[in-house]
Amino acid sequence: MEQTNTNFIHEIIDEDLASGAVDHVHTRFPPEPNGYLHIGSAKAIWINHSTARKYGGEFNLRYDDTNPVKENDEFVRAIYEDICWLGAKPDHVFYGSDYFGICYEQAVKLIKKGLAYVCDLSADEMREYRGTLTEPGRESPYRNRSVEENLDLFERMKNGEFPDGSRTLRAKIDMASPNINLRDPAIYRILHKTHHRQGDKWCIYPLYDFAHPIQDAVEGITHSLCSIEFENHRPLYDWVVEHMDIPNKPKQREFARLNVTYTVMSKRYLRDMVESGLVDGWDDPRMPTLCGLRRRGYTPESIIEFVKRAGVSKAYSVVDAGLLEYCIREELNRTAPRRIAVLDPIKVEITNYPDGKTEYFTQNNNTEDPNAGTREVPFTKNLYIEREDFALDPPPKFFRLKKGGEVRLMGAYIIRCDDVVLNENGEIERLLCSADLETRNNNPADGRKIKGTIHWLSAETAVRGAARLYDRLFTLENVADIPEDKGYRDYLNPNSLKVCENCFFEPSLASAKPGDRFQFVRLGYFCADTKYPGSFNRIVTLRDSYAKGK
RNA sequence: UGGGAUGUCGCCAAGUCGGCAAGGCACGGGACUUUGACUCCCGCAUCCGCAGGUUCGAGUCCUGCCAUCCCAGCCA
């Protein structure tokens, strides 16, 4: 990944470096292993990783695994895999839960300093005492327990003497603060639950606001870059950092998270869609997860490029999915081999072409890349063309095949449609065409211009297969099955997935390996699916100007 | 309605000490074209949430409004 552009985060760091506040840069990406990474995560990964690289610093992956009820090892593995795939292999991998001992020690020190206390209020009571946005909170009756009592109670919490929810450890800050996060936030809770990594070692768990700054401090993080909804937590983050006896004092800085049009970015909803069976799994090609995008055929480079182009600021924004599509087209136009596929075939018979004859036509593997070479494609009397490339009743400016009209078979002859054979239902059975055999490698001698060029396949050699067409990124089907109160319902598109079961491909595509990407000429960019052999996912269409009548 | 943050072209986003609005996507027009793709030209904010003020001059300073987002988990 190249680091050319800067942003306001880098300006902040430049100032810190210039003022001597720090002499190096160390960042981290701290996902909670409670789901798979998505394209929104890619922004956070890129910002933290590229910032570290730009300043020659280090980049940690740290699992923020302080809540055992939502986390598991499957997510831990998947996150590492996806972050590496993106090209942001971390210099170090840590687990927040490995610092539970340190968190505990720091909590004890806080108690000794009179800055934390054990509170016996229930969750409901605590909420009541907390006040509201406009009214200050009230102090807990347990707020002024003695240090000795707090120490004793906290130790007994740790030893498992109390049931879940019966007590918390709270930071003693200010119940009247206009910032609700500062109204004596709970920093430890009792939870008798097996942790995916720590097992049953602990029955008290530190909350995010307490654990996170400690994790950052312990790892030597200089800049803790996170999304903007944590801005309200910064005073608390600083409070914790201030009162820990850890020399490193990391700074939290915030940026706006990534939103993309038509895209559900909430991990909760994504999990819901997976668990309800609405999608194939976390790697369903319609999902905005990194593994979903990967299976769909997106490259890590295109995703990083998208994130970079979308930019970094603090303003709420929704980036047009068209930008992501642009990024993958731009890359694949340069790199993807061209192949021919006919998704919805219609038979064409070249009436003036000999039975049993086969000639080979040379096709460019990639017109954008002279080094990509060429390949030989067989031509025979019977062909398939795309049903859409013929019109019985052509609209204005229809440059493709019509009765009595001519069209160029790409890389081969110009043909004229002489007759249309219909079946008993009045549907097109096949087209009877004649080829201008003089036009193999050149234009007509009489100077007539043939505006349209279409792709074709020899019916004798084409191989059958399937293609899965996704209409727009991340849109899903079966809207009617989804309750109206689901937050992701508005993002769903009932026509999002079309499976073409009766496609034909160039013979060479039969040996495509899962993950191989191609441009199917005139149809779009496709990727051989990793789950269904012989089927191709459409990553994105080509820009389509005949839809606009140009 | 308390606090915090943000508001520059349809969507993102640059805009140093105030000096007279980058770029990308999208879109429109044209050239080229054996992918109506690609590529290449050209166009696309007299205006910077609104209203005042300061100034020779303000997107950039001041004042006051307005709008949107975040915060009342023993989630992160």
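Only this structure's heavy atoms are used, side chains among them; waters, hydrogens and symmetry mates stay out. Residue numbering restarts at 1 for every chain, and letters A, B, ... go by the order of the sequence lines.
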Legend entry - Distance in angstrom units between R127(A) CZ and C71(B) C1', rounded: 15 Å
Inset, instruction - For RNA chain B, list all stems, counting runs of three or more consecutive pairs where every pair is Watson-Crick or G-U wobble with both distances under 3.5 Å. - result: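 Stems for RNA chain B, defined as runs of 3 or more consecutive pairs: B:2-7 with B:66-71, B:10-12 with B:23-25, B:27-31 with B:39-43, B:49-53 with B:61-65.
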Legend entry - Matching residue for F536(A) among F526(A), Y525(A), F505(A) - test: ring pair (Phe, Tyr, Trp, His ring centres under 6.0 Å):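 The single option meeting the ring pair (Phe, Tyr, Trp, His ring centres under 6.0 Å) with F536(A) is F505(A).
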Between [options], which one does the side chain of [X] approach most closely?
{"X": "N181(A)", "options": "A76(B), U34(B), C71(B)", "result": "C71(B)"}
{"X": "L207(A)", "options": "C38(B), C74(B), U34(B)", "result": "C74(B)"}
{"X": "R309(A)", "options": "C12(B), C25(B), G2(B)", "result": "C25(B)"}

Inset, instruction - Indicate whether OP1 or OP2 belonging to C74(B) is found under 4.0 Å from a side-chain N or O atom of R130(A). - result: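 For R130(A), the contact criterion (side-chain N or O under 4.0 Å from OP1 or OP2 of C74(B)) is met.
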Legend entry - N or O in side chain of S313(A) less than 4.0 angstrom from A13(B) OP1/OP2: yes
Excluding sequence neighbours, so at least two apart, what forms side-chain hydrogen bond (donor to acceptor under 3.5 Å, both in side chains) with [X]?
{"X": "S266(A)", "result": "none"}
{"X": "Y188(A)", "result": "none"}
{"X": "E219(A)", "result": "N60(A), R62(A), Y99(A)"}

Check nucleotides 3-7 of chain B for protein N or O atoms closer than 3.5 Å to its own N or O atoms and list the pairs.
| unit_1 | atom_1 | unit_2 | atom_2 | d |
| --- | --- | --- | --- | --- |
| G3(B) | N2 | N232(A) | OD1 | 3.2 |
| G3(B) | N2 | N232(A) | ND2 | 3.3 |

Inset, instruction - Pick base, sugar-phosphate or nothing for S317(A), based on heavy-atom distances below 4.0 Å to the nucleic acid. - result: sugar-phosphate
Legend entry - side-chain contact (heavy atoms from CB on, under 4.5 Å) against D124(A), all qualifying residues, sequence neighbours excluded: S122(A), R127(A)
